[in-house]
Each structure stands twice: as C-alpha cells, then as structure tokens.
> 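Quick one: this structure, given as structure tokens, is what I'll be asking you about.
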Amino acid sequence: MPELPEVEVVRAGLEPAVTGALIASVDVRDERALTRHTGGAAHFEAALTGQRISAAVRRGKFLWMPFSDDEAIVTHLGMSGQMLLRVPGAPEERHERIRIELEHPVHGPLSVVFADQRTFGSLAVDQLVDTPDGAAAGRGSNLARVPTQVAHIARDPLDPAFDVGRFRARLARTASGIKRVLLDQTVASGIGNIYADESLWAARIHPETSASALPTRAVNRLLGEVRAVLDKALAEGGTSFDAQYVNVNGQAGYFAHSLNAYGRTGQPCPRCARPIVRVSFMNRSSHFCPHCQRLR
DNA sequence: CCAATCGCCTGCTGGC
DNA sequence: TGCCAGCAGGCGATTG
C-alpha cells in the first residue's frame, strides 16, 4: 500500500546512497519486475551498467533515478514493492526481483534490492521529457525533466508547483464521487485508499459526495486536509500494517497508530464515538463515519 | 472524450 | 485438519 508518504520515505532513504553512484552491475532475477520496461532483462541490464545516477526523484507514487538528462530508472512499488539498501553479498531477500550493485565515490560499494511479493511493482528504463510548466519534475531534483511514464499524472499536493486551479476545475466538472476522483492520479497524484479515507474523514465529507457538488470552501478544506494527512504520515515514517511496507532499511512506519477511519470498521469514530462503517467500493473498501460524513 | 470495470498477482485469514 | 472464498488494491487496458 505504498502511497505518497511511503514512497517519499523510500526516496529520501535512497537519495544519499544512490546520488553520484556508478552502476557496476544489474541482475534481473524475475522478468515480471520489468513489465513497464520495453526490451527485456538483457536490454535493461546493458542499458544501466556503467551509468552514473544523479538523483532520486518522486512525483506521487512514482520514483525515478536519472542517469543522464535524457534517461532514468523508473520505479513503481505497486502494492508490495520494496527498495532495500544492502551490503554487497547480502543474502537474497524474500521475493527479490532485481539487484543493482552500485559503487559510490564516498560510501563505497552497496546493493539496491527491489523485492516485491505481489509483482504489481516494476522497474524500467525510460526517456525524460520536458515538464510542460517548466518547473522541477518532482521532489528530489531541480531538473524540469520527467519520465514519459510519469508525464501523464498530475503533480502531487505536496509539490510547490501543484496547480490548485486545475484541481478545482477538475472537481467542478466531474460528477463522480469525490473519493473516486481523489484516487484518480491525473487529478492529483500520490493519494491511495488509505489517505483518501483519512482525508475525507478529516474534512467531514462523505466519500460518495459528487465532486462537482462540493462548494469551494469544502474543496479548499479537503485539499488542506489531504496535505495535512500526507505531511503527518510522512513525519511518522508512513503507514505499515504488515511487513509489506518498509523503508530502505527494512523498518516499519508508525502512522497506522494515527489512523482515524481506514481499517477501523466497527470501532468508535474519534470525533463522535459512533462506529466507523466499511462499504465495498471499486473492488476495495471505503471507511468513514456515517454521522460526521453525511451524504446530502 | 469520459466513466466504469477488468485483470494482473501472492499470502493471509476465516468459515465450514 | 484441509480447502477455498474473500480480501488487500495499484495501474493500464478495455469496454460501455
């Protein structure tokens, strides 16, 4: 369930280890980790070997490591992907898919391991293109160049160049339920099921409220809560329910203790003490307080 | 063009 | 005890 805060924790952990590092070798152990890469394992390994990584950048849930002004390793963790930092020769991780050996000019040799239980995540070599607004593509670099696989998604709500006017306009012309719209990465990126539920609970908005029916002040309140929830989760190291989400050193985050709605079916709403309900939605679940979050 | 659904995948849990 | 349905849910592709 890595969403924006979890991916940012991973990016921040990778940054000092990979910036300036030379890619000594690449070992693809499971081709399913390359579903977004065109060219196969041999091509992936050859394209990366001998290159030097210049940064670790993130927009929404996408993470990428540029190795020139034109190319980057794009990473998406999917549901259960992990990027782990290990010493060379470290034992194979459970669900290990790809191992990249680096030679850092200061820290020396280290391994970056991509492990992924459910194989929804992947790595790919992708081309970089200019950002339409000329601003930095994401957090972690000033370069205004974004991978083609990431170019179609919106900036995330924590991005200084996030276009609030565009966000409001998208909501105003979409009749779908607000939760569905929040999960649409082309509206605002980085929000998944957990933080959508938490933001809507904080803003006291029912998840099925039509987006276009939200008054301007409700939209502003919601965006404020989205940012507050993402910031707090990031400060607490992200949300870990099981061993699936961990930082680059394999450690869990603490935000699961701060959840008010998500996963709290039947437990009292922290605001009004009435039980949180769970409803089926888009092959997943919505958790909310039917008293604090009324559909009108 | 837009909205909604489907398929991908593994491991765990709960009911019988 | 074993078996299986259900659940976790991101994304892109496909359908309506």
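Quick note on labels: first sequence line is chain A, next is B, and so on, each numbered from 1. Excluded from the calculations below are hydrogen atoms, water molecules and symmetry mates; all remaining heavy atoms, backbone and side chain alike, are included.
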> So if I take every side-chain heavy atom of Gln117(A) and compare against dG12(C), dA8(C), dT10(B), which nucleotide ends up nearest?
dT10(B)
> Which nucleotide in the set dC7(C), dG11(B), dG12(C) lies at the smallest distance from any side-chain heavy atom of Arg94(A)?
dG11(B)
> Arg284(A) side chain N/O closer than 4.0 Å to the phosphate oxygens (OP1, OP2) of dC7(C)?
no
> Given Arg11(A), which of Met65(A), Glu6(A), Met83(A), Arg139(A) fulfils the side-chain contact (heavy atoms from CB on, under 4.5 Å) condition?
Arg139(A)
> Kindly say if His95(A) contacts the phosphate of dG11(B), meaning a side-chain N or O under 4.0 Å from OP1 or OP2.
yes
> With distance as the sole test, does Gln185(A) use its side chain to make a donor-acceptor pair with the main-chain N or O of Leu183(A) at under 3.5 Å?
yes
> Please go through Phe288(A)'s hydrophobic cluster and name the other residues, only I, L, V, M, F, W, Y counting, with side-chain heavy atoms under 4.5 Å joining them.
Val277(A), Val279(A)
> Taking CD1 from Ile153(A) and P from dG10(C), how many angstroms apart are they, rounded to a whole number?
13 Å
> Could you please name the option among dC9(B), dG10(C), dA8(C) that lies closest to any side-chain atom of Thr119(A)?
dC9(B)
> Going by an N to O cut-off under 4.0 Å, is there a salt bridge joining Arg145(A) and Asp70(A)?
yes
> Inspect the contact between Lys232(A) and Glu236(A) and indicate whether a charged nitrogen and a carboxylate oxygen are less than 4.0 angstrom apart.
yes
> Take the protein atom CD1 of Ile194(A) and the nucleotide atom C1' of dC7(C), then report the distance between them rounded to whole Å.
14 Å
> Grab the N/O contacts between the protein and nucleotides 4-8 of chain B below 3.5 Å, and write none if there aren't any.
| unit_1 | atom_1 | unit_2 | atom_2 | d |
| --- | --- | --- | --- | --- |
| dA4(B) | OP2 | Ser176(A) | OG | 2.9 |
| dA4(B) | OP2 | Arg180(A) | NE | 3.4 |

> As a test of reading the structure: which of dT10(B), dA3(B), dG12(C) is closest to the side chain of Thr174(A), going by heavy atoms?
dA3(B)
> Nearest of dA8(C), dG10(C), dG11(B) to any side-chain atom of Asn193(A)?
dG10(C)
> Between Arg155(A) and Asp133(A), is there a side-chain N and carboxylate O pair less than 4.0 Å apart?
yes
> Which of the following nucleotides, dG12(C), dC2(B), dG10(C), is nearest to the side chain of Arg173(A)?
dC2(B)
> Does dT10(B) have OP1 or OP2 under 4.0 Å away from a side-chain N or O of Arg32(A)?
yes
> Do you know the tightest heavy-atom contact between Leu85(A) and Ala17(A)?
CD1-CB, 3.6 Å
> Please state whether the phosphate of dG12(C), meaning OP1 or OP2, lies under 4.0 angstrom from any side-chain nitrogen or oxygen of His152(A).
yes
> Could you please name the option among dC11(C), dG10(C), dG11(B) that lies closest to any side-chain atom of Arg36(A)?
dC11(C)
> Looking at dA8(C), I'd like to know if its phosphate oxygens (OP1 or OP2) sit under 4.0 Å from a side-chain N or O belonging to Ser285(A).
yes
> What is the distance from CZ of Arg118(A) to P of dC9(B), rounded to the nearest Å?
12 Å
> Under 3.5 Å, which donor-acceptor pairs link side chains of residues 265-274 of chain A to any protein atom two or more places apart or in another chain?
| unit_1 | atom_1 | unit_2 | atom_2 | d |
| --- | --- | --- | --- | --- |
| Arg271(A) | NH1 | Trp201(A) | O | 3.0 |
| Arg271(A) | NH2 | Trp201(A) | O | 2.9 |
| Arg274(A) | NH1 | His291(A) | NE2 | 3.2 |

> Starting at atom CZ of Phe281(A), determine the distance to atom P of dG10(C), rounded to an integer number of angstrom.
10 Å
> Please give, in whole Å, the distance from dG12(C) P to His37(A) NE2?
17 Å
> State which of dG11(B), dA8(C), dG10(C) makes the closest approach to the side chain of His76(A).
dG10(C)
